[in-house]
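Step one of this worksheet: look at the structure below.
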Amino acid sequence: MSSYNPEKIESKWQQYWQSEKTFKTPESRDKPKYYVLDMFPYPSGSGLHVGHPEGYTATDILARYKRMKGFNVLHPIGWDAFGLPAEQYAVKTGTHPRDTTKRNINRFREQLQSLGFSYDWNREINTTDPDYYKWTQWIFLKLYEKGLAYEDDVPVNWCPELGTVLANEEVIDGRSEVGGFPVVKKPMRQWVLKITEYADRLLEGLEDLDWPQSTKDMQRNWIGKSIGAEIDFELAGETDSSAAIKVFTTRPDTIFGATYMVLAPEHDLVDHITTVDQREAVERYREEAAQKSDLERTELSKEKTGVFTGGYAVNPANGEEIPVWVADYVLATYGTGAIMAVPGQDERDWEFAEKFDLPIVRTVQPPEDFEGKAYTKEGKTINSGFLNGLNVEEAKQKIIAWLEEQEAGKKAINYKLRDWLFSRQRYWGEPFPIIHVDGEPKPLDEDQLPVTLPEVEDFEPTEEGDPPLARAEDWVKTTDPETGKPAVRETNTMPQWAGSCWYYLRFMSPEFEEGPVDPKAESYWSPVDMYVGGAEHSVLHLLYARFWHKVLYDCGLVSTSEPFQRLVHQGMILGEMEYTGYKKEGKWVSAGEAEEMDDVERLNLDEDQVEKKEDYFVVRGTDIKIDAKAHKMSKSRGNVVNPDDVIDRYGADSMRLYEMFMGPLEQVKPWSTKDVDGVYRFLNRVWRLMIDEDSGELKDSVTDGDPSREQLKVLHECIRKVTGDIDDLSFNTAISAMMIFVNDANKWESHPKPVLERFVKLLSPFAPHIAEELWQRLGHEESIAYTEWPEFKEEYLISDTQMYPIQVNGKVRGEIHVPREKAGDKEYVLAEAKAVENVAKYLDDGNLVKEIFVPERIVNLVVK
RNA sequence: GCCCGAGUGGCGGAAUUGGUAGACGCGUUGGACUUAAAAUCCAAUUGGUAUCUAAAUACCAGUGCCGGUUCGAGUCCGGCCUCGGGUACCA
């Protein structure tokens, strides 16, 4: 017996690829290059889940395909190995994060290798390796030199539970992204990177990238560029014009409707402007606001709050004195931290004005049927002196010109994007190449790198609240190598994003010692041609990496202005479909009702306990609606699928094939283990197409003879489809095309080698192990990996006849087959069409008013 | 609320530019092989109606809902509904 045995052939070929260094990246530069990259994983303790191999299989198919198409392919992998989980584990167990990380990496590597990915393992990199983070630190020095890294006392997102600060991006709804703990604002000395300086270039750079529209949109929203004006409102009764309140607005045209002003509670002028009478109330309000977490300031407080300062400012447009309030609906961190409130044209201001009984003046005429409160759309300006009658855009132009003339304001641009908070109070991260001498930060010299992590016993923050690195006192206390003065080392570490900001460059020359990347390698391999990874990195990683890349570009270290030319997000793989029924006191209740009840029992139902009735699933034989849904895989839900189990049962080739066959790469899709049977059977059929299961030899039907016309047609249809589909990343339909080929080929009496060989090549990027094995058994000594991709020839697809569906009034009533040479002959085809019995009867019943003839497509006869 | 994306059989999904809706796979049903089972192979499988049964054929309806453009709409346009993702006092 010699049936398809994935276990045996897969380990055989994995060993072969490793010992023969089959996928070592070529050193030659004489061919076109293709750099295909996966977002490298964080090696977690739980190993790979089935979501990982989805993107990895897609890139592996591309890598293998491109090699066969004659490209030099760079297809590397590495580890984004700094991070919180290993550190939390260290706090709990005392195990050094280095050990945990090493163990996890070994496991990940083993799992990836068991899937047969064609990575160049000689280029494996690890962000926690001092030889790697030396260059992360080096790049930080470049940022520092260019004035893009600075220390600042900033109100930061402090997470007491995690004992660290978080970037804005790591805080979701006032809670930490990791762990979901509450986050409060707290001023602390932090390292900050001036990403805002690159806001415009980060925005413009998006235009030429071949990225998903949604990801570009998200980055644009995140950068949040708005164009408007900065306007100074002088304080009433003061001659000192430098004490004016500066506001940013996108609607300077509405200035005549500015009936009051609001300062953020943290605004510098609050103290100055508050009158004696109001001081107490304002102070109290500020204290309350300071204690609120972000969560309370946004989600929970729908109702506007605020306090009058007692002070007044002068509206420069009409000279009117307007009251100045303090309210936390104005954010200190956006714009100037102060606004001119225009309730007539702003919903938030309207709400506030209504609550505190402040005047409302409309300055844009709403349409007659307008019933809302604030009107924020287009219209003619009213109640606005010299702006009356203009539309919004004209009014903006005119008022800005006027303000500039009066030296009361100017055109201005504002961004939502803030500078990037770049330090963390953690152990397991890159140390900063910074010492503090006489209380001032000082960068270390390049030759001092890497600054390696000191050994500590305890990975928690110190009692004084200093980061864990402060525990390494001998390491912290040092001397300035330049002056010999006593110095202390920076004890913050870099955030996890640092290492992933430039790893794609290191892969180009992982051994290079003169810099982060060898310029010769860089100029050949840049940019990444295809980058595949999860949509959860749409903003964070991808924006930060683009920022660093542009800085490196300005330093002359890279040759492209953008790092990732094409980006694709693989869709999430959900758990198996779950059917959930609900019972209350032993009786079924419908899913909709159950939502509003207490003490409802949830029951997981089997597929055969349910059926579909109209648009809903119900308990079989009843009208009780149930929920039918695939959920995100999670440990708590217990629906996580482990790729190892799938490989044990079906083999890596089936695993790869199934992940691609499930559906379009970018789509969210539910896992279904029983569906793996389908692709597994397909591989068995492929095997039996060529191998005699009794003898284990090539079947007798495998011949050296010439293929028939029909065989060539089936083959070339397959070549055409598979080639085109790989180019479109439509792997699911490529696999379906190969299934069609095998279904057809199984019916043939003889199987000419040239046909089988070309089919095996088509299969090889998808299921490389079985393809190598069959390729060898077909009589080849070399690996299939660098053989030439089969060429598609149109001529084999042309058949002797052309089929036309015949429609009458757009409904198909028959079909005809006409000889190839008559296929374009309109008169002939129409005559044949009308002769079809089932068509003729419709013609007899009415008048033929129109004939549609689309060559090689369709005939439609319009009858009235 | 705002910005994206998606709704097609029992299920995953297919339909390159408007041109035979449901490829391919899962599941289900029937059959072949087998002492039996597994495996494998063959056939059927959107719903409905009609022709005596079967085979077969024909017809009607059908791609979330309502309307439109067109000889022809899953595909284009307008208006909704539902689900998923992102974002949210950003002035």
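The sequence lines fix the lettering, A, B, ..., with proteins before strands; numbering per chain opens at 1.
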* **Cation-pi geometry met for A:K625 and A:Y616 (6.0 Å, 45°)** => yes
* Rounded to whole angstrom, note down the P distance from B:A73 over to B:A21. => 10 Å
* Please list all pairs passing the salt bridge (charged side-chain N to carboxylate O under 4.0 Å, His left out) test where one or both residues lie in residues 215-226 of chain A, with sequence neighbours left out. => A:D200-A:K225, A:D217-A:R220
* Give the B/S/- string for nucleotides 1-9 of chain B, one per nucleotide from 5' to 3', where a protein heavy atom under 4.0 Å of the base yields B, of only the sugar-phosphate yields S, and otherwise -. => ---S-----
* To do: Indicate the ring-plane relationship of A:Y334 and A:F248, choosing parallel, tilted or perpendicular according to the 30° and 60° boundaries.
  => perpendicular
* Asked: Can you name the salt bridge (Lys or Arg N to Asp or Glu O under 4.0 Å) partners of A:D627, sequence neighbours left out?
  -> none
* Quick one: which of B:G19, B:A91, B:G13 gets closest to the side chain of A:S226? -> B:A91
* Asked: Should the ring pair A:F766 and A:F731 be called parallel, tilted or perpendicular, given that the plane angle runs from 0 to 90° and is split at 30 and 60?
  -> perpendicular
* To do: Using the C1' atom as the reference point in each nucleotide, state the distance between B:A14 and B:G22 in Å, no decimals.
  => 7 Å
* To do: Just call it for A:P212: base, sugar-phosphate, or nothing, with non-hydrogen atoms closer than 4.0 Å on any strand.
  => nothing
* Asked: Got a sec, which pairs hit salt bridge (charged side-chain N to carboxylate O under 4.0 Å, His left out) with one end in residues 253-264 of chain A, sequence neighbours left out?
  -> A:R251-A:D253
* Parallel under 30°, tilted from 30 to 60°, perpendicular over 60°: which one fits the rings of A:Y658 and A:W671? -> perpendicular
* What does nucleotides 58-69 of chain B look like as a protein-contact string, B for base, S for sugar-phosphate only, - for none, at under 4.0 angstrom between heavy atoms? -> SSSS--------
* To do: Provide the distance between the two C1' atoms, one in B:U35 and one in B:C26, to the nearest whole Å.
  => 31 Å
* Distance-only, no hydrogens or angles: does the A:T336 side chain make a donor-acceptor pair with backbone N or O of A:K246 under 3.5 Å? -> yes
* To do: In whole angstrom, give the distance that lies between atom CG of A:L417 and atom C1' of B:U87.
  => 15 Å
* To do: List for me each residue that meets ring-ring contact (aromatic ring centres under 6.0 Å, His included) alongside A:W350, sequence neighbours excluded, and say none if there are none.
  => none
* Asked: If the P atom of B:A6 is compared with that of B:G25, how far apart are they to the nearest Å?
  -> 27 Å
* OP1 or OP2 of B:G84 sitting under 4.0 Å from any side-chain N/O of A:K629? -> yes
* Asked: Could you give all pairs that pass the salt bridge (charged side-chain N to carboxylate O under 4.0 Å, His left out) test and reach residues 656-674 of chain A, with sequence neighbours left out?
  -> A:E54-A:K669, A:D60-A:R656, A:E607-A:K674
* **Separation of B:G86 P from A:L543 CG (nearest whole Å)** => 17 Å
* **A:V668 vs A:P805, nearer the 5' end of RNA chain B by closest nucleotide** => A:V668
* Structure fact -> Residues A:V722 and A:M738: closest non-hydrogen pair is CG2-CG, 3.7 Å
* Structure fact -> For A:F759, the ring-ring contact (aromatic ring centres under 6.0 Å, His included) test, sequence neighbours excluded, returns A:F741
* Asked: Any donor and acceptor pair, going by atom type alone, linking the side chain of A:H751 with main-chain N or O of A:M690 inside 3.5 Å?
  -> no
* **Sequence neighbours excluded - salt bridge (charged side-chain N to carboxylate O under 4.0 Å, His left out) pairs with any residue from residues 722-731 of chain A** => A:K721-A:D725
* Is A:E303 paired with A:K355 through a side-chain N to carboxylate O contact shorter than 4.0 Å? -> yes
* **Watson-Crick or G-U pairs under 3.5 Å in RNA chain B, rendered as dot-bracket with [ ] for crossing pairs and | for another strand** => (((((((..(((......[....)))((((((.......))))))((((((....))))))..(((((..]....))))))))))))....
* Asked: Short question: side chain of A:E576, backbone of A:T673 - any donor-acceptor pair under 3.5 Å?
  -> yes
* **Atom-pair distance (CD on A:E354; P on B:C89), nearest Å** => 21 Å
* P atoms of B:A23 and B:C4, separation to the nearest Å -> 34 Å
* Asked: Is it true that a side-chain atom of A:E749 and a backbone atom of A:S701 form a donor plus acceptor pair closer than 3.5 Å?
  -> no
* Structure fact -> Residue pair A:R688/A:F617 against RNA chain B: nearer the 5' end by closest nucleotide is A:F617
* Which parts of nucleotides 22-30 of chain B does protein reach within less than 4.0 Å, heavy atoms only, written one letter per nucleotide 5' to 3' as B for base, S for sugar-phosphate only and - for none? -> -BBBSS---
N/O-N/O pairs, protein side and nucleotides 70-75 of chain B side, under 3.5 Å:
from  : atom 1 : to     : atom 2 : distance (Å)
B:C71 : OP1    : A:K850 : NZ     : 3.3
B:C71 : O2'    : A:N860 : ND2    : 3.3
B:C71 : O2     : A:N860 : ND2    : 2.4

* **Distance between P atoms of B:C24 and B:C42 (Å, rounded)** => 12 Å
